[in-house]
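So you know, we letter chains A, B, ... as the sequences are listed, proteins then strands, and number each from 1. Atoms considered below: every heavy atom in the structure, side chains included; atoms not considered: hydrogens, waters and symmetry mates.
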Number of protein chains: 2
Amino acid sequence: MDLRHLRYFVAVAEEENIGRAAARLHISQPPLTRQIQQLEEELGVTLFIRTPRGMELTQAGELFLAEARNIRALVEQATERTQRAGQGKLGRLDVGIFGSAILDAIPKLLLAFRNRYPDVKVVLHTMTKAEQIEALRQRRITVGFNRMLAPLDDIGVRQVSTEGLLVAVQADHPLAHQPVVRFAELAAHPMILFPTGARPSFIDKVIGWATESGFQPRISQEVGDAVTGVALVASGFGVCLVPDSATTLQFPGVVYRALSDTPPNFFVDLSCIYRKDDQSPLLAAFMEAVDAFRKGDRKR
Amino acid sequence: MDLRHLRYFVAVAEEENIGRAAARLHISQPPLTRQIQQLEEELGVTLFIRTPRGMELTQAGELFLAEARNIRALVEQATERTQRAGQGKLGRLDVGIFGSAILDAIPKLLLAFRNRYPDVKVVLHTMTKAEQIEALRQRRITVGFNRMLAPLDDIGVRQVSTEGLLVAVQADHPLAHQPVVRFAELAAHPMILFPTGARPSFIDKVIGWATESGFQPRISQEVGDAVTGVALVASGFGVCLVPDSATTLQFPGVVYRALSDTPPNFFVDLSCIYRKDDQSPLLAAFMEAVDAFRKGDRKR
DNA sequence: CTGCTTGATACCTCCAGGGTATGATCCAGC
DNA sequence: GCTGGATCATACCCTGGAGGTATCAAGCAG
């Protein structure tokens with residue numbers, strides 16, 4: 001049995017007349033007669049009662065008509081859904097993010113993407129940089145977001161956004177009384193650094209900037225992410241360099257101050273990583289969204 | 001697209017290897033490669049990633065696999081159900097019955113039929129003889145049950161059972177004191193006759209028997225069916241000739257008495273009618289059940 | 001009885017599905 | 001580093017079956 005048989009059968013059942021059905025199917029009458037006979041023979045069931053006025057469905061034929069219509073609709077639906085999946089418009093996208101990534105760019109980006117691809121289910125997984133690479137290789141995620149990413153043999157990197165840096169200080173801290181803080185002034189105060197875990201990371205960047213500015217930072221505490229860092233600032237552990245977007249964290253007793261006299265490259269990138277050999281249309285669609293977002297972000 | 005494509009696709013997806021899939025399908029590898037390519041081209045979607053180790057499903061392929069399996073299962077189910085319908089094992093059987101037909105034979109017969117064909121939905125419609133014939137012609141019912149049926153050009157008759165007759169009398173009626181009543185004795189008592197409606201009917205049969213026995217029955221009342229007749233007996237309207245099976249109606253104040261000295265052919269038939277040109281397997285199955293029932297009934 | 005409708009049959013043609021042989025590529029193992 | 005054995009892809013041939021035309025058979029209306 002073939003989908004052709006179903007198509008022909010439905011046509012004959014609807015027209016109740018082989019000749020008209022054949023015309024509708026753009027074939028001649030005899031082959032259609034044969035196909036219906038074949039179908040009946042294969043099923044071993046009489047589907048039509050032949051009358052001098054046309055073809056009339058038997059009870060079994062009625063049932064088969066309902067089934068055939070259903071199957072044909074499902075086939076159509078299957079092709080349509082598969083095509084949409086093939087264009088990256090339908091499916092599931094697993095995304096690796098890091099602890100405090102939810103602060104700025106990523107929610108906006110994901111929102112824009114979900115707007116454009118409403119039928120793609122985006123699933124977020126919080127994981128470290130190393131876990132993300134592992135998960136990418138095992139195909140548990142399709143893209144990962146992180147900072148300080150370098151391309152690998154099998155892993156590509158695409159920059160998403162760039163952020164400037166601020167210093168978070170306690171509201172009654174001496175530095176809080178200045179509208180702008182010179183970077184070198186930070187040498188005098190204990191600093192909270194993040195993230196813990198795989199190096200090199202943001203920590204090394206901060207140490208590098210300090211060295212360039214001629215001082216050795218006094219490290220008061222290493223913490224997992226920016227959120228924890230700002231929380232410790234509130235508790236008086238010290239000051240903490242954070243990306244611009246951290247200002248969305250309004251901790252009581254914490255203020256953010258801009259920096260002057262900063263070293264070159266005094267900013268952090270947010271990038272996303274993906275498997276270089278991943279040809280999936282979903283990834284392509286997502287990367288397109290990333291690029292569109294970055295352009296919009298730059299202009300802003 | 002063809003069901004063949006789906007079959008091939010599922011095989012390749014499951015084996016993750018064209019060669020093995022081809023072997024499983026009992027074809028050689030190149031045509032299978034071609035069919036998969038055709039399918040991908042027709043859908044416009046890459047379903048597999050070709051690797052040196054075999055075929056790996058894309059995300060769209062995964063989705064299509066689920067759809068394809070579903071469709072294939074439905075096709076199988078459709079053929080199976082249609083075949084069962086073609087054998088009269090699945091479907092709907094509309095049956096016309098008359099008012100008091102539910103007394104004896106019909107429930108037993110329907111029970112036996114539903115036992116043997118559990119997936120046939122039997123729908124009962126109460127209608128008169130004339131309505132049944134009309135409904136048969138309009139295909140609203142497939143069989144009808146009634147008494148005193150004669151075959152027509154397009155309507156066939158099959159006898160279901162034969163019943164003897166009893167007389168229903170009030171418990172304090174003179175005749176109630178005898179164990180057996182002679183038929184001619186009924187001449188002295190007003191009689192309740194049924195059914196009203198199209199003639200000839202049971203009424204004419206009773207009048208015929210009375211004539212043969214040499215008396216003219218005194219008709220006290222004509223009613224619609226045996227149940228009403230027995231109810232009127234309880235109220236003292238007279239006596240009423242009823243089929244054996246009416247004894248299942250245990251009215252307070254009504255007793256049933258056997259008859260002696262009865263005329264020949266002193267019994268009533270229950271028959272069923274059907275369209276002579278109805279080739280439906282359901283009718284055939286039902287008629288088989290009727291014949292089986294009649295045999296069992298005779299032996300009893 | 002005849003003409004018009006219906007579906008069924010006979011026979012032909014041609015394309016597409018299946019076969020064999022072979023190529024291109026990649027990886028494992030010596 | 002090369003070779004053998006996997007993988008899938010390509011080239012080409014052959015045959016069955018889907019579709020075509022012509023015609024038949026049967027029932028019904030006029």
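B:Thr33 has its side chain out of reach of B:Tyr8: every pair of non-hydrogen atoms, C-beta onward, lies at least 4.5 Å apart. Between B:Asp154 and B:Asp277 there is no side-chain heavy-atom pair separated by less than 4.5 Å.
Annotation: A:Phe9 is in aromatic contact with A:Phe48 [ring centroid separation under 6.0 Å].
Here the nucleotide nearest the side chain of B:Pro30, chosen from D:dA9, C:dG17, C:dA8, is D:dA9. Side-chain atoms of B:Arg34 lie closest to D:dC12 of the nucleotides C:dT9, D:dC12, D:dG19. The side chain of A:Ile27 approaches D:dG20 more closely than any other nucleotide in the set D:dC28, C:dG17, D:dG20. For B:Thr33, the side-chain atoms get nearest to D:dT10 when compared with the rest of D:dT10, D:dC28, D:dC12.
Electrostatic pairing of B:Glu80 and B:Arg84 counts as a salt bridge here, judged by a charged N lying under 4.0 Å from a carboxylate O.
If you check every strand for non-hydrogen atoms under 4.0 Å, A:Pro31 touches a base. Using a 4.0 Å heavy-atom criterion, one finds that B:Gln38 contacts the sugar-phosphate atoms exclusively.
For A:Gln138 and A:Glu134, the side-chain atoms include at least one donor-acceptor pair closer than 3.5 Å.
As a whole-Å value, the separation of B:Met55 CE from D:dA6 P is 19 Å. Look at CG on A:Leu32: it is 9 Å from P on D:dG19, rounded to the nearest Å. If you take CZ of B:Arg50 and P of C:dC27, they are 17 Å apart, rounded to a whole angstrom. Atom CG of A:Asp277 is separated from atom P of C:dC26 by 14 Å (rounded to the nearest Å). Atom C1' of nucleotide C:dG18 and atom CG of B:Leu25 are separated by 12 Å, given to the nearest angstrom. The interatomic distance linking A:Leu57 (CG) with C:dG7 (P) rounds to 13 Å, in whole Å. If you measure from atom CD1 of A:Ile36 to atom P of C:dT6, you get 16 Å, rounded to the nearest angstrom. Between B:Gln37 atom CD and D:dA11 atom P there is a gap of 10 Å when expressed in whole angstrom units.
Considering CZ of A:Arg139 and CG of A:Asp278, their distance stands at 7.0 Å, rounded to 0.5 Å.
Put simply, the side chain of A:Arg53 and the base of D:dG27 share no donor and acceptor less than 3.5 Å apart.
Taking a 4.0 Å limit (strictly below) on heavy-atom distances, residues 1-22 of chain B reaches DNA chain D at B:Asn17, B:Ile18, B:Gly19.
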N/O donor-acceptor pairs under 3.5 Å from side chains in residues 63-71 of chain A, not counting sequence neighbours:
| residue | atom | partner | partner atom | Å |
| --- | --- | --- | --- | --- |
| A:Glu67 | OE2 | B:Arg81 | NE | 2.6 |
| A:Arg69 | NE | A:Glu14 | OE2 | 3.4 |
| A:Arg69 | NH2 | A:Glu14 | OE2 | 3.0 |

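Between A:His26 and A:Gln29, the one whose closest nucleotide on DNA chain D sits nearer the 5' end is A:His26.
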